[in-house]
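Okay, structure first, notes after.
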Amino acid sequence: MCAIIGIVGGSPVNQALYDGLTVLQHRGQDAAGIITCGHGGKFYLRKDNGLVRDVFRSRHMLNLRGDMGIGHVRYPTAGRASSAEAQPFYVNSPFGIALAHNGNLTNAAQLKQELFLEDRRHINTDSDSEVLLNVFAHELQEQNKLRIDAQDIFNAVAGVHRRCRGSYAVVAMIAGHGIVGFRDPFGIRPVVFGKRDTDKGTEYMIASESVALDALGFERIRDIVPGEAVYVDLDGGLHTRQCAEQPVYSPCLFEYVYLARPDSIMDDVSIYKARLRMGDKLADKILREWPDHDIDVVIPIPDTSRTAALQLANRLGVTYREGFIKNRYIGRTFIMPGQKQRKKSVRQKLNPIDLEFKRKNVLLVDDSIVRGTTSQQIIEMARDAGARKVYFASASPPVRYPNVYGIDMPAASELIAHGRTEAEIAEAISADKLIFQDLSDLIEAVCKGNPRLERFDASVFTGEYVTGDVTQTYLDQLEQRRCDLSKAAQARDAELAMVDLYNAS
């Protein structure tokens, strides 16, 4: 899960890109980057590990010159934090192309080999985004023109669709030409575009979520549909074209549950309203299966579950209370690199208000249960605060399968629901009762906002991968890679601990 943004303006875009990335910070907290294009087609780049506010200082902003640019915030899909893999990436040929990518290519290893053997291109990192950039660059070079137009760019995107598998929402900047945004033929990862009129003409923005448009005063035009490309030239001309042969609308269902901000509109669905409906559906299940419940109070796990939890409490006719205070200077634990860091962060992030728990039967509501680390510790905190019984409700079904499309769930062994019944999950997280949303109810809660959405990538719940190319061998290799990275991370942690011990002595 990452965020992308691109702007073609009539004046310097550095501040607008910075502001847009801060609004999209929830999608990645590991690294940030901006690249702009100035007069003469020169690129100006700044990227590093850290939050947006920490990566960009005044001296960096002053150097990001030009009236168009793209930006990115990242979290490491495989738990790896490396500044070498911070985006955007760029290549010098043809023309000079920079690219930022949200998603994950499932055939990156094959493409990397093809790029070396057939296209004579060198990949310098382990990032599939650099692979994607080089595929796009090669396809654009194949147009064999000194001066390209919209048709050439769309032909290159069509070439990307033919070669690349997996998920990708992309913004790419071509020096001297403009910015292009495109989405994989399944539309797994989100991307939207909009415009604003200024005294210097019409400016366009492409971004992962509509909140970035809202924050900067852009009017949302629409989502980029699966397989489509949107190209904005330097004169402010907007060009769009469907570049995939057989696109199938299949957005990631987990975006609506957890990843997106509630004030976003994604594929014409209000995230806020979808989460309200999730709360209704979950309450209806409780009333249907547990009509004589003894819940005294409903308490959300901040922040993403608040909307569903409030609606659930209203539907049940039970008191809603804020029982946990969140330290907003700690990142989202789900997207932190490394299990050790996640465990450490949960108690730093949340602190219970004891009076809301003492001698009460509490229903805690969260958007999902992934590894179970957070859920288990929060239930323990509720008991320590004096709760008589602690029930737990998840606004989504059990997450039982790895995600291969850009969410940090690659290893089945890390998922607490994998291979367990719901009763066994409840025991593992020490809940007195556990209620999961039904998948059909979750899909209905989202689809009601846009009846045209008939299919989703729900692979984390079902194990069915919409791209059709994910085999058990691929999943086994992915899990092994993650295991190797985890061991390397543990070795680094041990080394750092020894350094700290030495310095302390």
Side-chain angles (χ1 to χ4, degrees), residues 2 4 6 31 33-37 41-43 45 47 69-72 74 76-78 80 82-146 148 152-185 188-189 191 206 227 229-231 243-244 404-406 467 469 474 481:
C2 302
I4 58 173
I34 291 174
I35 187 168
T36 58
C37 189
K42 184 176 180 179
F43 283 161
L45 172 66
K47 61 178 182 178
I70 63 175
H72 187 267
R74 171 187 183 269
T77 303
R80 178 175 179 177
S82 169
S83 59
E85 296 189 5
Q87 297 185 43
F89 290 111
Y90 75 92
V91 290
N92 293 321
S93 177
F95 311 110
I97 304 171
L99 180 143
H101 162 221
N102 174 31
N104 186 58
L105 300 184
T106 53
N107 65 336
Q110 173 193 333
L111 287 170
K112 189 173 183 178
Q113 188 175 29
E114 287 178 8
L115 285 165
F116 178 74
L117 295 176
E118 299 174 20
D119 302 344
R120 302 294 188 265
R121 286 183 171 270
H122 172 70
I123 306 301
N124 199 50
T125 70
D126 294 327
S127 173
D128 62 329
S129 302
E130 189 186 7
V131 171
L132 182 58
L133 166 61
N134 277 271
V135 171
F136 178 64
H138 176 77
E139 293 298 324
L140 197 56
Q141 190 161 334
E142 287 292 285
Q143 303 307 305
N144 200 26
K145 285 186 179 180
L146 182 61
I148 55 172
D152 299 315
I153 292 169
F154 294 143
N155 288 343
V157 173
V160 171
H161 291 332
R162 286 191 295 270
R163 297 179 66 178
C164 295
R165 298 289 178 267
S167 65
Y168 47 93
V170 172
V171 286
M173 179 170 62
I174 307 169
H177 291 84
I179 286 179
V180 58
F182 57 92
R183 196 175 182 189
D184 70 74
I188 297 171
R189 292 282 151 250
V191 61
I206 300 168
V230 172
Y231 170 56
C243 300
V404 300
Y405 299 129
T467 54
D469 62 334
Y474 177 86
R481 250 193 339 264

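The structure presented is a predicted model; accordingly, all values stated were derived computationally and were not measured.
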Point to revise | Sequence-distant partners of D469, side chain to side chain contact (heavy atoms under 4.5 Å, CB included), two or more places apart | key: T106, R165, T467
**Study point:** ring-ring contact (aromatic ring centres under 6.0 Å, His included): pairs with one or both residues in residues 154-178, sequence neighbours excluded
**Key:** F95-H177, H161-Y168
Point to revise | Under 3.5 Å: donor-acceptor pair, side chain of K47, backbone of P88 | key: yes
**Study point:** Any donor-acceptor pair under 3.5 Å from S167 side chain to G103 backbone
**Key:** no
Over all atoms of both residues, closest heavy-atom pair of [X] and [Y]:
X    : Y    : answer
Y90  : L45  : CE2-CD2, 4.0 Å
G69  : I179 : O-CD1, 3.3 Å
V135 : C164 : CG1-SG, 4.0 Å
C2   : H72  : CB-NE2, 3.4 Å
I206 : G181 : CD1-N, 3.7 Å
A86  : A31  : CB-CB, 3.8 Å

Find the distance between [atom1] ([X]) and [atom2] ([Y]) and round it off to the nearest 0.5 Å.
X    : Y    : atom1 : atom2 : value
L140 : I153 : CG    : CD1   : 6.5 Å
R163 : L105 : CZ    : CG    : 11.5 Å
I70  : C37  : CD1   : SG    : 10.5 Å
R162 : E139 : CZ    : CD    : 6.0 Å
F89  : T125 : CZ    : OG1   : 4.0 Å
D184 : N104 : CG    : CG    : 11.0 Å

Point to revise | For F136, all residues meeting ring-ring contact (aromatic ring centres under 6.0 Å, His included), sequence neighbours excluded | key: F182
Point to revise | R189 and N102: side chain donor to acceptor below 3.5 Å | key: no
Check your understanding: With distance as the sole criterion, is a donor-acceptor pair present between the side chains of Q87 and S129 under 3.5 Å?
Key -> yes
Check your understanding: Side chains of I123 and L115: closer than 4.5 Å at any heavy-atom pair?
Key -> yes
**Study point:** V404 vs Y474 side-chain heavy atoms within contact, under 4.5 Å
**Key:** yes
Check your understanding: Would V230 and V180 count as a side chain to side chain contact (heavy atoms under 4.5 Å, CB included) if you check the C-alpha gap in whole Å, the side-chain angles of each, and the deciding distance to 0.1 Å?
Key -> CA-CA 6 Å; V230 172; V180 58; over 6 Å; no
Practice item. Give the C-alpha distance, both sets of side-chain angles, the deciding distance and a yes or no for side chain to side chain contact (heavy atoms under 4.5 Å, CB included) between N124 and H122. Key: CA-CA 6 Å; N124 199 50; H122 172 70; 3.5 Å; yes
Point to revise | Candidate list E114, Q141, E130, test side chain to side chain donor-acceptor pair (under 3.5 Å), partner R121, passing option | key: Q141
Check your understanding: Should M173 and I97 be marked as a side chain to side chain contact (heavy atoms under 4.5 Å, CB included) after you check the CA-CA gap, both sets of side-chain angles, and the distance that decides it?
Key -> CA-CA 6 Å; M173 179 170 62; I97 304 171; over 6 Å; no
Check your understanding: Under the side chain to side chain contact (heavy atoms under 4.5 Å, CB included) criterion, do E85 and D126 qualify, and how do the steps go?
Key -> CA-CA 7 Å; E85 296 189 5; D126 294 327; 3.3 Å; yes
